[in-house]
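Have a look at the structure below before the remarks.
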2 protein chains.
Amino acid sequence: MKKPRANSRDKILAAAADVARESGPGNLSLDAVAQRAGVSKGGLLYNFPTKAKLMQALVEHHLQEFQEALEEARRECAQGNLLAAYVKLSAKKFEEDQPPSAWIFSAIAEDPDFLAPIRVFQRELFDRLKAETPDFKALLLTYFAVEGMRSASLFDFQVLSEQERQSLVSSLLSVAKGKLAPVPEPA
Amino acid sequence: MKKPRANSRDKILAAAADVARESGPGNLSLDAVAQRAGVSKGGLLYNFPTKAKLMQALVEHHLQEFQEALEEARRECAQGNLLAAYVKLSAKKFEEDQPPSAWIFSAIAEDPDFLAPIRVFQRELFDRLKAETPDFKALLLTYFAVEGMRSASLFDFQVLSEQERQSLVSSLLSVAKGKLAPVPEPA
DNA sequence: CTTACTGTACCGTCTGGACGGTCTTGTCAA
DNA sequence: TTGACAAGACCGTCCAGACGGTACAGTAAG
């Protein structure tokens, strides 16, 4: 009857994210995760021998997912514009704000070093963007504005209306396509 | 000397920020804070009767400081341009990355609701910016790019070189002053 | 026999916070 | 001036509970 194997791992990972969101990032306990995942504590510890390993897996799982989504978004994007794909993918994630990734705060609370893989990821992504984007200033503006939106959604700052957000996204796509120009100064 | 150690509160607040940075946001314990502040645990509990009150004070203290710095930066800014002041002040904070505010993660881990005052602050600030900035699209771009930089500095993503950061800041100031704008898409 | 768990019992440590005591300072009547 | 007294600021200790992790016996499937 048991369908063991990888299924459990994913269930546990999802449960951890749920618990972090519902009980607060500081109250993510192994007992709670096990219960939520419908798994015994022993079973949890069998899959992730320590809490640190759980957190690490959480981070890596998320990164891998994002990476795959990015590659796919790029394929769907005109001329394979990476920056535009990044903007679009991020915007899509911000819309479905159902799961505000609170698990990341759990990981940071556990040990700030869990951010290291994210740092590497972010750095590599930025380097790729630098290599592929002709207008560097436009890249800077776009990239950081997207990160700003991500930050706002992470902390749940709802500062923009639906329209305003769409307006910003379309501005960003314009800039990403190199449509940024100095305005002539009035004499 | 009505209050023998009136600055105890400030010492404790500073100590809490230090401990959060040095021991990790998840290891901010009252004992550690008390020790760091050169105060007994009883003394700490006297000033902040509960850990939650400590966290709240941490957030409010920080907000108040930022608010005052912003008003001052504005006075120093040409035409009292609020957006430009915001950019400049934020940029200044990012340079002195000595104290990456890890205490905020402690607060979130303790209880995500501690973000509420920040949300209010951010909303009010944005509303003021909206009222005072003629070009709304430029505001969006600038504001979120600044938030993106803040996020990068918070998570310690060092993705930019010194030059690159300065370049971005000057771009942002240009946009803030209306000298750079996304070109509207041709119909 | 191995894999992949379940279930229970247990341990050592850490933490928030309650509590009672102590020292210092200010106030005010005599 | 002085002595009594109250309030403010802080100290040290103790404790119940929670948490991460271990150990181990059992079990069902392949």
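To find a chain, count down the sequence lines: A is the first, B the second, and so on, and within it residues start at 1.
For the pair A:Ser40 (side chain) and A:Gly43 (backbone), a donor-acceptor distance under 3.5 Å is present. The closest donor-acceptor contact from the side chain of A:Ser171 to the backbone of A:Ser167 lies under 3.5 Å.
OP1 or OP2 of D:dC10 sits under 4.0 Å from a side-chain N or O of B:Asn47. Regarding contacts with the backbone of C:dC5, every side-chain N or O of A:Tyr46 stays at 4.0 angstrom or more from both OP1 and OP2.
Taking B:Phe157 as the reference, B:Phe155 meet the ring-ring contact (aromatic ring centres under 6.0 Å, His included) condition, with sequence neighbours excluded. Every residue two or more places apart in sequence or in another chain that forms a salt bridge (Lys or Arg N to Asp or Glu O under 4.0 Å) with A:Lys130 is listed here: B:Glu164. Residues satisfying the ring-ring contact (aromatic ring centres under 6.0 Å, His included) test with A:His61, not counting sequence neighbours, are none. With sequence neighbours left out, the salt bridge (Lys or Arg N to Asp or Glu O under 4.0 Å) criterion links B:Arg128 to B:Glu71. Applying the ring-ring contact (aromatic ring centres under 6.0 Å, His included) rule to A:Phe48 yields no partners; only residues at least two apart in sequence or on another chain are considered.
Evaluation of the salt bridge (charged side-chain N to carboxylate O under 4.0 Å, His left out) test over residues 50-59 of chain B, restricted to residues two or more places apart or in two chains, returns B:Lys51-B:Glu110. The salt bridge (charged side-chain N to carboxylate O under 4.0 Å, His left out) contacts involving residues 25-45 of chain B comprise B:Asp18-B:Arg36, B:Glu22-B:Arg36, B:Asp31-B:Lys41, where partners must be two or more places apart or lie in separate chains. Residue pairs meeting the salt bridge (charged side-chain N to carboxylate O under 4.0 Å, His left out) criterion with at least one member in residues 58-68 of chain A: none, sequence neighbours excluded.
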Could you list the protein-to-nucleotides 7-10 of chain C atom pairs, N/O on both sides, closer than 3.5 Å?
none

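Rounded to an integer number of Å, the gap from CZ of A:Phe48 to P of C:dC5 is 10 Å. When rounded to the nearest whole Å, the span between CG of B:Leu44 and P of C:dA18 equals 13 Å.
Taking the C1' atoms of five terminal pairs at each end of the helix from C:dC1-D:dG30 to C:dA30-D:dT1, the two resulting helix axes are inclined by 10°, rounded to 10°.
Atom OG1 of B:Thr133 and atom CG of B:Asn81 lie 6.5 Å apart (nearest 0.5 Å).
Side chains of A:Ser90 and A:Arg150: a donor-acceptor N/O pair is present below 3.5 angstrom, by distance only.
Note on B:Glu132 versus B:Arg74: salt bridge recorded, some NZ/NE/NH1/NH2 to OD/OE distance being below 4.0 Å.
Near DNA chain C, defined here as any heavy-atom distance below 4.0 Å, the residues from residues 49-58 of chain B are B:Thr50, B:Lys51, listed numerically. For DNA chain C, no neighbouring residue in residues 23-32 of chain A is found when judged by any heavy atom under 4.0 Å.
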